[in-house]
Amino acid sequence: MAQQTERYEDTQLYKVRHSAAHVMAQAVLELFPDGKVTIGPPVENGFYYDFDLPRNLTPEDLQQIEKRMRQIVQGKHEFKKTVISADEARKIFADQPYKLELIEGLEQGGLDEYGNPLDGPPDISIYQHDTFTDLCRGPHVATTKEIKQDAFKLMNVAGAYWRGDEKNKMLQRIYGTAWESKKELEDYLHQLEEAKKRDHRKLGRELEIFIFDDEVGPGLPLWLPNGTVMVDELEALAKEMETNAGYSRVKTPHLTKEDLFIRSGHLPYYAESMYPPMELEGVKYYVKPMNCPMHHKIFSSKGRSYRDLPVRLAEYGTCYRYEKSGELFGLMRVRSMQMNDAHIYCSEEQFEQEFMGVIDLYKKYFDLFGIDKYVMRLSLHGKAGLGKKYVDNERLWVKTEDMVRRAMDNGGVPYVEVIDEAAFYGPKIDVQIWSAIGKEFTLATNQVDFAVPERFDLKFTNREGVDEIPLCIHRAPLSTHERMVGFLLEHYAGNFPVWISPEQVRVISITDAQNDYVEQLAKELRGNGIRASADVSAQRMNAKIRQAQLMKVPYMLVVGDNEMQAGQVSLRVRDGSQQNNIPLAEFVARVKDKIARRAGEL
RNA sequence: GCCACCAUAGCUCAGCUGGUAGAGCAGACGAUUCGUAAUCGUCAGGUCGUCGGGUCGUAGCCGACUGGUGGCUCCA
């Protein structure tokens, strides 16, 4: 996890970026005197500024703006802060409607520049430099000279809704990156190039993991044989871990009648993520966006006693969600997905233990994969969404959120809290990770459901012989196959541990004389449960090795006359290291051991 | 879904301001039999994403659609 040294807001870099945003706004207004400015904060790696302009910006505009910025920056203009009254501010920004809206929010003490609530009315201040004045709380650098003219770059133009609300007007956002020195800028740009190389969409094609096909449809991945091996390995891992943790496995259909999703609350609260219904003989059917309603049916299929609890039902179920077209992103965001799903039905007393049991499961998985850059996020309901995004029972929301918070605190698990991010049926702990190109995703999730069990009349008989409604924990520590494999591709840059590598060993003959022998070796390896193939193509050994390296095969066995005669193999490991003339049995033992332990090292 | 950009052979890409397609890799075939990241040669492969418009004529201009990319919104 990231350790905080100095708050970003207090750093020179933050001021440089914030100030660069102002300089950019000046340059844009010079180009569009009637343009309207909104907000322009620093962000990770840079800054942006949102504008409402009379026409769309072109890449040429961007170049021109950047060029003008370099001139302005060299002018050594001072950044001057002035605290003013709301009325004065309204005069200054009389022709800037977005600023007037911001002033309104500040004056009433209600809202900051993003529309988030504030504690009380803050000072209203402006910053001026050269010809540009912005409503701004700062801080900024002393003069524009501190923005190095060779240490920033405008990256791209993007659409962005005013105040992040899709009902509002779409503005034009210019993203820029800014650093304290040219070297830092160059390093950052280089880092972006490197990140692209491990983009799972690129690696997925190169390593033949998955494809998308226009005729099949967007967001509907086809798993190639190599990808299917990975999926199968993940599933085997999950089964093993879940069996040990006391789960039972179930299987449920991909389709159900409308009635089930009305009862579950999916149609009232979740319909816009669902595929539209298909109707036959007057009955509507939906493909499932989640497995829970069917698991609830399995729970209620017989009478349950407190002695049976907790009941843990697991299924790698395939779900379908209608993600909006612009939201799709390789394997990380798809429309058909196999979830590492399970539902745990338990009593309130059992809740903490079960909840933490799931967190433990996460940790085991994360250890196994060496995942250490993530944040656990406790997602809470938002008051405004009650009855719309969230089931309408604030008392239970607060109660359940407290239970989760207490469990996490007691377990000593660090997390951050976020308002208005919960599932419709309850709060959740999400594990946030980042893709190679910096997009944030929820990998694993652990959700508490205090609402739906009641809608399904779920009950168990407690010690007193009285019916009680169980709590339900929805959890997906391995996420979905799609997102997990996408993540692992980037996490390992395609250099997978042996156990999950699609091809574990490639046996390479040096000349045709060894072809029969290497085929036989590969067969023997397969007999030992190792995924191996023989390369008996007419290419030279060097070319065969190169191809195996490009496919990131962990072990290459090179076999010439020497090895054939001695009944040995020469091992080339993916990292380039070599070990000549080792007995086959020794190599087999080594590989079997790595696989059995799911070892990270080769 | 919204804003912008992009779409040429299986893959990666070239094709100047419109005169009707080209390379490397992959593939097939042939030669080569080689010691740790590319042996050589030959051949084959594209109604230039789709549909419509403009033009004497376009892969290159205009429009719509489809798909992708960068964001926004949303999410496992």
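Hydrogens, waters and symmetry mates are skipped; everything else that's a heavy atom, side chains included, is used. Residue numbers start from 1 in every chain, and the chains themselves are labelled A, B, ... in the order their sequence lines are given, proteins ahead of strands. Note that the coordinates shown come from a computational prediction; the quantities given were computed from them, not determined experimentally.
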A/Phe212 ring center within less than 6.0 Å of A/Phe210 ring center: yes

Sugar-phosphate, base or nothing in reach of A/Leu443, heavy atoms under 4.0 Å: sugar-phosphate

Contact under 4.0 Å: A/Lys428 side-chain N or O vs B/rA76 OP1/OP2: yes

Backbone N/O of A/Lys552 and side chain of A/Arg574: donor-acceptor pair under 3.5 Å: yes

Touch class at under 4.0 angstrom, heavy-atom based, for A/Asp561 against every strand present: base

Gap in Å between the two P atoms, one belonging to B/rG68 and one to B/rC29, rounded: 36 Å

Rounded distance (Å) that lies between atom P of B/rA76 and atom OH of A/Tyr320: 18 Å

Pairwise P distance, B/rC3 and B/rU8 [rounded to whole Å]: 24 Å

Touch class at under 4.0 angstrom, heavy-atom based, for A/Tyr175 against every strand present: sugar-phosphate

Partner nucleotide, any strand, of B/rC11 [Watson-Crick/G-U, under 3.5 Å]: B/rG24

Check: A/Arg483 side chain, B/rC75 base, donor-acceptor under 3.5 Å: yes

Donor-acceptor pair under 3.5 Å, A/Arg321 side chain vs B/rC75 base: no

Sugar-phosphate, base or nothing in reach of A/Gly164, heavy atoms under 4.0 Å: sugar-phosphate

Touch class at under 4.0 angstrom, heavy-atom based, for A/Asp341 against every strand present: nothing

Counter-base of B/rC2, judged by Watson-Crick or G-U geometry with both distances under 3.5 Å: B/rG71

Electrostatic pair A/Glu421-A/Arg377, nearest N-O below 4.0 angstrom: yes

G-U wobble or Watson-Crick pairing nucleotide for B/rU55 (cut-off 3.5 Å, both distances): none

No-hydrogen, no-angle side-chain donor-acceptor test under 3.5 Å, A/Asp561 and A/Gln514: yes

A/Lys428 and A/Asp430: CA distance, side-chain angles, deciding distance, salt bridge (charged side-chain N to carboxylate O under 4.0 Å, His left out) verdict: CA-CA 6 Å; A/Lys428 55 180 182 171; A/Asp430 287 333; 3.4 Å; yes

Check: A/Ser479 side chain, B/rA76 base, donor-acceptor under 3.5 Å: no

Any N/O pairs under 3.5 Å between the protein and nucleotides 61-65 of chain B? List them or say none.
none

Considering only distance and modelled atom types, tabulate donor-acceptor pairs under 3.5 Å from the side chains of residues 481-491 of chain A, sequence neighbours left out.
residue  : atom : partner  : partner atom : Å
A/His481 : NE2  : A/Glu235 : OE1          : 3.1
A/Glu482 : OE1  : A/Gln338 : N            : 2.9
A/Arg483 : NE   : A/Met332 : O            : 2.7
A/Arg483 : NH1  : A/Thr442 : O            : 2.5
A/Arg483 : NH2  : A/Met332 : O            : 2.9
A/Glu490 : OE1  : A/Ala436 : N            : 2.4
A/Glu490 : OE2  : A/His200 : N            : 2.8
A/Glu490 : OE2  : A/His200 : ND1          : 2.9
A/His491 : NE2  : A/Phe369 : O            : 2.7
A/His491 : NE2  : A/Gly370 : O            : 3.4

Modelled atom types, side-chain donor and acceptor of A/Tyr390 and A/Asp420, under 3.5 Å: yes

Presence of A/Gln579 side-chain N/O under 4.0 Å of B/rU36 phosphate oxygens OP1/OP2: no

Integer angstrom distance from the C1' of B/rA37 to that of B/rG41: 23 Å

Annotated protein contacts, base or backbone, on nucleotides 2-9 of chain B with a non-hydrogen cut-off under 4.0 Å, one of B, S, - each: BBS-----

Distance, rounded to the nearest Å, where A/His266 contributes NE2 and B/rA76 contributes P: 11 Å

Pi-cation contact, A/Phe329 with A/Lys439 (under 6.0 Å, within 45°): yes

Gap between atoms CG and P, on A/Leu557 and B/rU36 respectively (whole Å): 16 Å

Contact nearer the 5' end of RNA chain B, comparing A/Ile510 with A/Asp420: A/Ile510

Salt bridge (charged side-chain N to carboxylate O under 4.0 Å, His left out) against A/Lys251, all qualifying residues, sequence neighbours excluded: none

Complement of B/rU47, any strand, by Watson-Crick or G-U distances under 3.5 angstrom: none

Full working for side-chain hydrogen bond (donor to acceptor under 3.5 Å, both in side chains) between A/Glu563 and A/Gln568: CA-CA 5 Å; A/Glu563 288 81 359; A/Gln568 295 182 328; over 6 Å; no

Pairwise C1' distance for B/rA38 and B/rU12, with rounding to whole Å: 16 Å

With sequence neighbours excluded, residues passing salt bridge (charged side-chain N to carboxylate O under 4.0 Å, His left out) with A/Arg201: A/Asp199

Sugar-phosphate only, base, or nothing, as touched by A/Lys439 at under 4.0 Å among non-hydrogen atoms: sugar-phosphate

hbond_proxy A/Gln549 side chain to B/rA38 base (donor-acceptor, 3.5 Å cutoff): no

Touch class at under 4.0 angstrom, heavy-atom based, for A/Arg475 against every strand present: nothing

Whole-angstrom distance between B/rA26 and B/rG15, as gauged at atom P: 24 Å

B/rA64 versus B/rC72 - spacing of their C1' atoms, nearest Å: 24 Å

Touch class at under 4.0 angstrom, heavy-atom based, for A/Arg333 against every strand present: base

Nearest listed nucleotide, side chain of A/Gln547, among B/rU33, B/rA76, B/rA26: B/rA26

Sugar-phosphate, base or nothing in reach of A/Asn580, heavy atoms under 4.0 Å: base

Sugar-phosphate, base or nothing in reach of A/Gln447, heavy atoms under 4.0 Å: sugar-phosphate

Under 3.5 Å donor-acceptor pair, A/Asp214 side-chain atoms to B/rU66 base atoms: no

Counterpart base for B/rG41, defined by Watson-Crick or G-U wobble contacts under 3.5 Å: B/rC29

First encountered from the 5' end of RNA chain B, between A/Asp165 and A/Gly330: A/Gly330

B/rG1 to B/rC65 separation - P atoms, rounded to the nearest Å: 11 Å

side-chain hydrogen bond (donor to acceptor under 3.5 Å, both in side chains) between A/Ser509 and A/Lys544, intermediate numbers included: CA-CA 9 Å; A/Ser509 56; A/Lys544 294 183 186 182; 3.0 Å; yes

Between A/Phe47 and A/Tyr175, ring centroids under 6.0 Å: no

B/rA28 and B/rG10, which share atom name P, separated by this distance in whole Å: 15 Å

Other residues, nucleotides, ligands: >12 heavy atoms within 6.0 Å of A/Asp516 CG: no

Side chains of A/Asp341 and A/Tyr316, donor plus acceptor under 3.5 Å: no

Under 4.0 Å protein heavy-atom contact, by nucleotide of nucleotides 39-52 of chain B - B base, S sugar-phosphate only: B-------------

